[in-house]
Amino acid sequence: MLRALVGGLLVLGLIGVAPLIMNQIKLARVTTAQTQIALQTREARATIQQAATQSAIPPVTLTIVATSTATPTLTPEPILGRAQVVRGGNIRSAPQVVPATVIGQVCVGDRVELFEERIVDTNNRWYRLRVVETVGRCVPERVSAGTEGWVNGQLLGAIER
């Protein structure tokens, strides 16, 4: 009877430990599979690098060159009209008279395209525009054709719609 009791306890012990053993087996399989994948990935990378260094085609390098311009590039919009500069003055990044907004100078005779009109302080008209043609060299700070910004309406002649 003692044998049967000891045998029964052993069987029950094995049944209780069986799930733990099965989990350990599964964990070992997963770990082995992950290790094999990592090794295969390393081997593939090494093969690619070796092939690249041995090939006659030089490796491609990407160089990004940052350029800076003093004037913002605005998206083209419907044109309100065209005008000619009749008084030289500042072209600005915003419709306000502060030193930080000055982009450069427009000169008498410059041709511009108007995109937006804004009234500031009841009767002070500002126009967002693009310089399309420059005439002569009036000042060293003058802007080039293509420059976009804001000018006070007092600098412009009649608007051609």
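Just so you know, these numbers use all the heavy atoms, side chains as well, and skip hydrogens, waters and symmetry mates.
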Asker: Would you call Glu113 and Arg128 a salt bridge, taking side-chain N to carboxylate O under 4.0 Å as the test?
Answerer: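 No, Glu113 and Arg128 are not salt-bridged.
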Asker: Tell me, with the steps shown, if Val131 and Val106 meet side chain to side chain contact (heavy atoms under 4.5 Å, CB included).
Answerer: CA-CA 8 Å; Val131 177; Val106 289; 4.1 Å; yes
Asker: Is there a donor-acceptor pair closer than 3.5 Å between any side-chain N or O of Arg142 and the backbone N or O of Val135?
Answerer: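 Looks like yes, one N/O pair under 3.5 Å.
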Asker: Kindly work out whether a path of hydrophobic side-chain contacts (I/L/V/M/F/W/Y, heavy atoms less than 4.5 Å apart) joins Ile159 to Leu129.
Answerer: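 Yes, Ile159 connects to Leu129 through the hydrophobic network.
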Asker: Would a hydrophobic clustering, with Ile, Leu, Val, Met, Phe, Trp and Tyr connected at side-chain separations under 4.5 Å, put Tyr127 with Trp150?
Answerer: no
Asker: Transitively linked via ILVMFWY side-chain contacts under 4.5 Å: Trp126 with Ile103?
Answerer: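 Different clusters.
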Asker: Check whether Val97 and Val151 end up in the same hydrophobic cluster, where Ile, Leu, Val, Met, Phe, Trp and Tyr are linked by side-chain heavy atoms less than 4.5 Å apart.
Answerer: no
Asker: Considering all heavy atoms of both residues, which atom of Arg118 and which atom of Pro95 are nearest to each other, and what is their separation?
Answerer: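 Of all heavy-atom pairs spanning Arg118 and Pro95, the closest is NH1-CG, 3.5 Å.
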Asker: Is there a side-chain contact between Ile91 and Thr147, using heavy atoms and a 4.5 Å cut-off?
Answerer: yes
Asker: Return yes if some donor-acceptor pair links the side-chain N/O of Asn90 with the main-chain N/O of Arg92 below 3.5 Å, else return no.
Answerer: no
Asker: Side chains of Gln105 and Val143: does their closest heavy-atom pair fall under 4.5 Å?
Answerer: no
Asker: Less than 4.5 Å apart, any side-chain heavy atom of Val86 and any of Val108?
Answerer: no
Asker: Applying a strict under-4.5 Å side-chain criterion to I, L, V, M, F, W and Y, I'd like to know whether Leu156 and Leu80 cluster together.
Answerer: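 In one cluster: yes.
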Asker: Would you find a donor on one side and an acceptor on the other, under 3.5 Å apart, between the side chain of Arg111 and the backbone of Thr134?
Answerer: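 Not a single qualifying donor-acceptor pair exists.
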Asker: If you compare all heavy atoms of Ile79 against all heavy atoms of Phe115, which two are closest, and at what distance to 0.1 Å?
Answerer: CG1-CE2, 4.1 Å
Asker: Would you kindly say whether Gln84 and Asp110 are connected by a side-chain donor-acceptor distance under 3.5 Å?
Answerer: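 No, because no side-chain N or O of Gln84 sits under 3.5 Å from a partner of the opposite role on Asp110.
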Asker: Just wondering, are more than 12 heavy atoms of other shown residues or ligands nearer than 6.0 Å to CD in Gln96?
Answerer: yes
Asker: For Ala100 and Ser93, which heavy atoms make the closest approach, and how far apart are they?
Answerer: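 Ala100 and Ser93 have their closest heavy atoms at O-OG, 4.4 Å.
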Asker: Looking at Leu114 and Ala83, what are the two nearest heavy atoms and their distance?
Answerer: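 Leu114 and Ala83 have their closest heavy atoms at CD1-CB, 4.3 Å.
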